[in-house]
Each structure stands twice: as C-alpha cells, then as structure tokens.
Amino acid sequence: MKRFVQYLAVAVLVTGLGFAFAQSTFRIAIGVDPDTLDPAAGTTTTVDNIVDYMAETLVAINEQGAVVPQLATSWEVADDGLAITMALRDGVVFHDGTDMTAESVVWNFSRLTDPDVHVARRGPLAAIDSVEALDDLTVRFNLSETAPYLIGALSQTTNAILSPASVEATGNTYNTITNPVGTGPYVFNGRSLGESVTVDRFDDYWGEIPYYERVVFHVVPEATTRESMLLAGQVDMIILPPASDIPMLDANPSVEVIMGPSNRTIFIVINTNDPQLADPRVRQALNYAVDKEAIIQGILFGAAQAMDAPMAESLFGYTSLGAYEYDPERARELLAEAGVSEGELVLDFMSPTGRYVQDFPASQAIANYLRDVGIEANVRTMDWPTYIATMTAPPESNTTQLHLLGWAPAYLDAAQQMEQFHGSQHPPAGLATSFYGEVDDLIDEAGREFDEVRRAELYAEVSQQIWDDAPWIFLWVQLFPMVHASDVTNIWGLPNEKFYAIYAHPVE
Amino acid sequence: MLYVIKRVLGVMVTILFVAITVFLMVRLLPGDPARVIAGMLASPQDVERLRVQLGLDQPLWVQAGIFLTDLVQGDLGTSARTSNPVMAEIGARLPATLILAAAATLLSIGAGIPLGSWAAARAGKLPDVLISTFVLFGISMPVYWLGLMLIIVFSIRLRWLPAAGAGDGVYSLILPAVTLAAFSIAFIVRITRSSMLEVLRQDYIRTARAKGAAEGTVRWRHALRNALPPVITVIGLQFGELLGGAILTETVFGWPGLGRLLVDSIFARDYPMVQGLVITFALMFAVVNLIVDLTYRVIDPRVRYD
C-alpha cells in the first residue's frame, strides 16, 4: 500500500511536470488591439509582428537589415531590370497541409494587386505587371518599369504568402482573412477580441522548430499596465514600457531591457510654402537652435539616436552627413542674415500626443529652444485623425507651419522614406513635407536605377541636398524599447521596429 | 402593463434619437476615416478606394438612410477598421463590460447600504467619522491612481492577484471591480446615510420606538425600507456611471471590454463602430433605469403606475 502511494505520488509528479511542459507558453503583452490579422490589410508594425508568426514572406530581413531568403531561396534580376526570377524553397507546407508552390505565390500576388481587395501598403507593388509560375518552384515577376526596391519590399508582411485554399476556411473570405493560414512556425489558434491572440507551434514547419508550444499575445494598451504585468510575472515580455521607467527597469535584475533598433525617423515638418519659412537659412537656423541630444537624454530617457541624414541608418541608401550640432549662436546669425529680427517669427507648432515616444513633452522642449533664439512657437496638440486632416489640408487652406511627425518605411529602402520629399506626395495627396519639390527628379532617378552602386550614390546626393535645404527640423531615429523577464533569452529587435522572439527559450 | 408598454416604446424613441444624434456627431468630428484607417503609407488611390468601399463617398442623407434602415432591422453595419460586423465586435466584449459593471454594482450595494445605515445609526460617533473619512477618500480618489496602487500592492508586491487581463476567472475580476466600485460605494454610503437620517427623524419611527419595537426592527424594517427609494434611484444612475467609468478601469487593467473599443474606434473615426457602441451604452442605460423605476413599486406599494 505504502509503495502504491509512492508510485502514485511519482506518477502525479511526472504527470504534473509533463503538463507543465505541455503548457510551455510564451506570453507577450503588446499595446495595440489588432485591427486585422489579414497580412494584406495590416497597417501596424506590431500587428505585422504577430502575423509573422503564422505567415511568411518570400524574403525576410535579418538583424542587420539585410534582405535574406525565406520562402524564396534565391533570386535573379534580368539585365534590363524588368523581370525578377525567384526560386522557391522545396518541401514547404501550409498549415492546412497543402504544398507551397509557385502557383500559390502567383495566386497571392493576384490577390494583392486586385483593386477590390483592401491592401493598405500596395504602393511598392505598382511596378508588377504580372507574376507567372515557370515551374513548380520558380516564379517570375514581370515588371512594367524597373523597381530596384521591390525585392526588399517583398519582406513587408503585407506580401506574406497564404494558402490559396484557406480562403474557404472558417472566418475567411477572398476579401477578408481573419484566420491567416501561412507557412510560419506557429499556427493561428484563436483570438479573443480585445483580449488576446493565441498561436500554437507548427510541427511540420520547414525550419527550426521553436521551443515554446504556444505563444499568447495579450492586448494591453496601457504602458504602465504592461509593465505591471511583467513585474508581476504574468507575462514574459512586453513592448514599449513607459519611457520614464526605462532607467528603473534597467536597474531591476529580474528583467532585461532591449533598446530595439528602428527605422522610424521623428522630425518636424517645416512648411516651406510659407513665405516666412521659404528661406533655407531660416530653416537651418531652426535646426541649429534645438539641442537634440539633451532632449533625447532628458525627455526620451535615451530611447532615440539623433538623426545624421534624412533617413534611418538601416535603410539602403543611407549616408551619414554629420549633424546639425546644437549652436544657438549660429542659429541667431543665420536668422539675422535672412533678415529675421528677434520676436518677428511667431509659428504655429502642432504635435501629436502619445503617438511617438514622448512626442508632446519633446515638442514643448523644442518650443523652448526656439524661444531662446527669438522664435515664438506655440505648441498645440489634437487627436490623431484631426491631426492628419489638418496637415493634409489642400495648399490654399493649409495653415500649418511646423508639425511633428514620425515616418517608418515598411521595408528598409530609401525609396519609401524619400516619398516624404516628393512632389507627388504633397498634401492633400499625401503626408509629405509641404510643397518641397526641388528634388523630385533625383528621387525619381534613384527609384528607377537598378545598379546598386549608382543608386546609393544618387541617394547620397539627394540626401545631401535635402539636408542643406532643411525642409525638416531633423530630430532623431526612435528606438523601440522592449523588456523581458531575465529567465528567458534569445530575444532581440529587428531594424524595422519588430521584436524577434520566435526562438525565445528559458535560460538554462 | 400599459405603463410598461409605454415605457418600452419610450426607450425605443430615445434610442432612435440617440442614433440620429450620434450619426451626425461622429461626422462633425474633423478627420477622414479612410485616411486614418488606410494608414500613413497608403497611396492616395488606395485611400480613395477605401473611401468608396466604406460608402463615405455617398451623400450624407444616403448614408443616413442606409444606417437607419439597417438599424431598424437590428443591424449595426460593418466596422470600418476591422471589417467585422459591429454586432460581433460588440458582442465579443459586452459580457466583460457587463460582468465588471455588475460586480461593481453588487459591491457598491453590498458595502454601501450597510455602511451608510450604520453611519446614520451612529451619527456623529466614531463609526460615522471613520466611514465618512473613507467616503471622502472614495469620492476624491482618481480611478487611475487607485487602480495602479492596487496593482502595485496586490500583484507586484504580494503576487496574490493578476495585474491585468481577464484570463484568471474571478481572480482577474477582483481588482478592477474594487477599483471601479470605490466611487459608487462612497456615493451610496453618503446617500443611504442622509436618507436614513431623514427617515429616523420621522414621527412613525418615534411611534414605533414608543410602542416598544426592538431597535433592530425599527432600523431595518421601518427605517431602511423607507430610506431606500432615493438610494435605488442613485444605484440605477450609478450603473450608467459605472459603464462610463469602465473606460478608465478597463484601460488600467487591460480588461477586454467595450471601453477600450470605444476609444480605439473614436481615434480611428470608425463611424459604424462608434455609432453601435453609443447606441449600446444608451440602451443599457435606458433599460437599467426602466428596471429601477419598476423596482420602486416593489419597495413602496404606494407607488402606482398609471
């Protein structure tokens, strides 16, 4: 009897352990409630990040921001730049058991280019004329014009490859996918609206099988609450803790802070169409007047790096151009040269609140720096839809003078960053810098050039011109803070504001 | 019965009025839903295409016609932001909000009425002073701050209760319900206390005491029952307050209810969703108040509905 009890105890213990392993779950608290899990319709990096667990793209980007094979193993651009041929990975299956073939890729791109399907970030696909299957595992993209950025753009989650058969699956239609069936290391398990998204490990995954059997993304919009959940041991990882708590979290041995890289540039758009701001010397003065480093340390708690080019370092086409060092004397000189007297310039300065790390407090500090050189900037804020409506008002009714904005290209190439300076994207069509059109030809040329060396040169040239013309107050490239419990490891950030925790595992 | 039918019809007219008002008000807000929903990187063509898909290119009266026709048939339309039916999005989160509001209401009744009666009975003595201090606290404490303090003490320090979310059943409910109820408890204590004091001064209470009724009987049978009607009115109104207060509490505790959905939908200018949510809130408020009015009858047989 005694022995039986011992056996029973051991059995219970073993079962308990087995149960604990069966339940191996990694829990991440995120800030946004996903609007959609359809890769095509997504607009938010964090939502893309979730979709990436389930659906994969042809190419991916690595930690350094380089384009690397994923579902495609190799690719070749035709001599005239008008076709891209890609070899697909063999033996890849979708979660519904069907094979991933050239035909699946063709189907996905016909969906992505179908005007009836809502695709938020379709722009880079405009050059695609057709996609054809050359054989089971080879596809060719035929282009109507050269598009050197296209391969990089295929890494965007928008272009993830879904199982064509899955449009018939529960919850899915051709136009709207709520249950993404891809080839990723995790399978969609379910979603509790407003609460969580759950994915389970896919045992037939073509690549390395992850450690955790289940990953749960908890929707926790409030930064302080995410932080509490992590400190209470309720989740293993959070993104975007309250910026002001970063120093405290850094000092806490039970958690680890990662300052993920990002390609999100934060800047203040100067309305170059305003006669008071038309002189580049005035705009340069605005740049010299602001102590970016002090704001980064004091207000952003280190969660940014000062810009030294009109784009983030991780983009193809980046060249470091030095910096507009904090120099209020130089700013006053430039203003005097431009004939602007002290107190003459009174500017309307709009800033969003809570959209970017410490955006409004930073704007208030910037206004103080401007005041030091004799420029009155009145900061005001409004909710995001009103903000966008105000800054995209047509030229005749657009009265904005300064407005703070963040811009993160969806793929790591200067092409999408440069839209900010291109005439075709001026309000009301887009969100670009107001009425700044001197660099259009150079940008267009760089966008077509498929010789990489020449293309990089063109971007360096256009960057220098923009830097000197100063249509922005160049501020900083935001970092993407995330925090995880120190008993897990193998988590890092990708240069496009994503976290990479698929292969997270406990510390041995 | 005729009264109930009249009141139900009244509720329906109110809802229709709310529906028309919210329809116009969301459209008065500046901002273009297509632009916001399409995201910053969308091309002007794609924004325009989305605007057509959302039906926002139609004249206002056409949009209103579609909205009201659907509404009468019990259809709230499709969310512009998520492409899911508004009913499904609301249906998925409504239980969480109702559970939280109901738990907070029960807490505020369960704690508020006894404490208020006790304070009235010991007016000016120590229990009254202590309870009144607590009331002052409860009324003046911001929900946000209280929630964070409870999380720090009970989740991070003691690790007794989850910090946020709704995944741990009743344990998840405790902190948000207490946080949400704090204000109502205090408010109900205050109303009960003053209503009881009023009643305890009445002649029939003196009569009851004079005829030798036990003090307990006097208080609970004669006094409390007559003190309750104003308290019940307040409870009904408080339930509405709780639905509103839930927006903050839900944010602090990551509670998957309607509050956050409303905030997200307003910031995305998701017209159908905002309309659906406001109508839902109005309906709940109207129904609760109808129930309260009908309850008077049970408490006080003198109340007649004609």
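Note that the structure is a prediction, hence the values are computed from the model and not measured. Residue numbering restarts at 1 for every chain, and letters A, B, ... go by the order of the sequence lines. Just so you know, these numbers use all the heavy atoms, side chains as well, and skip hydrogens, waters and symmetry mates.
Donor-acceptor pairing under 3.5 Å is recorded for the side chains of A:T386 and B:R269.
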Next on the checklist: Would B:F267 and A:D383 count as a side chain to side chain contact (heavy atoms under 4.5 Å, CB included) here? Give the steps.
Outcome noted: CA-CA 7 Å; B:F267 284 146; A:D383 85 320; 3.6 Å; yes
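The greatest number of non-hydrogen atom pairs below 4.5 Å with chain A, out of B:P33, B:G254, B:G147, B:A38, is found for B:A38. The most heavy-atom pairs under 4.5 Å with chain B, out of A:S424, A:A232, A:A389, A:G194, come from A:A232. For the set B:I151, B:V252, B:L258, the entry with the most heavy-atom pairs within less than 4.5 Å of chain A is B:V252. Note: B:A164 leads B:A42, B:A164, B:G31 in heavy-atom pairs under 4.5 Å with chain A. Here A:W407 is the residue among A:W407, A:W384, A:Y387 with the most heavy-atom pairs under 4.5 Å with chain B. Put simply, of A:V220, A:T43, A:L193, A:T225, the one with the most heavy-atom pairs under 4.5 Å next to chain B is A:L193.
Taking OG1 of A:T36 as the start and CD1 of B:I37 as the end, the distance is 12.0 Å to the nearest 0.5 Å. Taken to the nearest 0.5 Å, the CE atom of A:M229 stands 9.5 Å off from the OG atom of B:S155.
When heavy atoms are compared at a cutoff of 4.5 Å, B:N84 approaches chain A solely by way of its side chain, counted from C-beta outward. With a threshold of 4.5 angstrom between heavy atoms, B:A96 does not approach chain A through any atom at all. For B:F154, no part sits under 4.5 Å from any heavy atom of chain A, backbone or side chain. In this structure, chain A has a heavy atom under 4.5 Å from the side chain of B:L50, while its backbone stays farther away. In this structure, no portion of A:A126 lies under 4.5 Å from any heavy atom of chain B. If you measure heavy-atom distances from A:V119 to chain B, the contacts under 4.5 Å come from the backbone alone. The contact between B:R93 and chain A is made entirely by side chain atoms (from C-beta outward), counting heavy-atom distances below 4.5 Å. For A:T178, the part sitting under 4.5 Å from any heavy atom of chain B is the side chain, from C-beta outward, and nothing else. The contact between B:L148 and chain A is made entirely by side chain atoms (from C-beta outward), counting heavy-atom distances below 4.5 Å. Contacts between A:D38 and chain B at a heavy-atom distance below 4.5 Å are absent for every atom of the residue. Heavy-atom distances place the side chain of A:L405, and not its backbone, under 4.5 Å from chain B. For chain B, the nearby part of A:L431 is the side chain; its heavy atoms alone come within less than 4.5 Å. Only the side chain of A:I388 comes within contact range of chain B, with heavy atoms under 4.5 Å apart. Heavy-atom distances place both the backbone and the side chain of B:E89 under 4.5 Å from chain A.
Atom OH of A:Y174 has more than 12 heavy atoms from other residues, nucleotides or ligands within 6.0 Å. Enclosure of atom CE in A:M248 by more than 12 non-hydrogen atoms of other residues, nucleotides or ligands within 6.0 angstrom is indicated. Summarising the local packing, CZ of B:R157 is surrounded by 12 or fewer heavy atoms from other residues, nucleotides or ligands at distances under 6.0 Å.
Proximity of a side-chain donor or acceptor of A:E195 to a complementary backbone N or O of B:G165 within less than 3.5 Å is not detected. Of the possible donor and acceptor atoms, none in the side chain of A:E222 sits under 3.5 Å from a partner among the backbone N and O of B:T251. No donor-acceptor pair under 3.5 Å is formed between the side chain of B:T82 and the backbone N or O of A:D35.
Side-chain contact between B:D168 and A:Q234: present, with at least one pair of heavy atoms (C-beta onward) separated by less than 4.5 Å. Residues B:I156 and A:S228 form a side-chain contact, since some pair of their non-hydrogen atoms from C-beta on lies under 4.5 Å apart.
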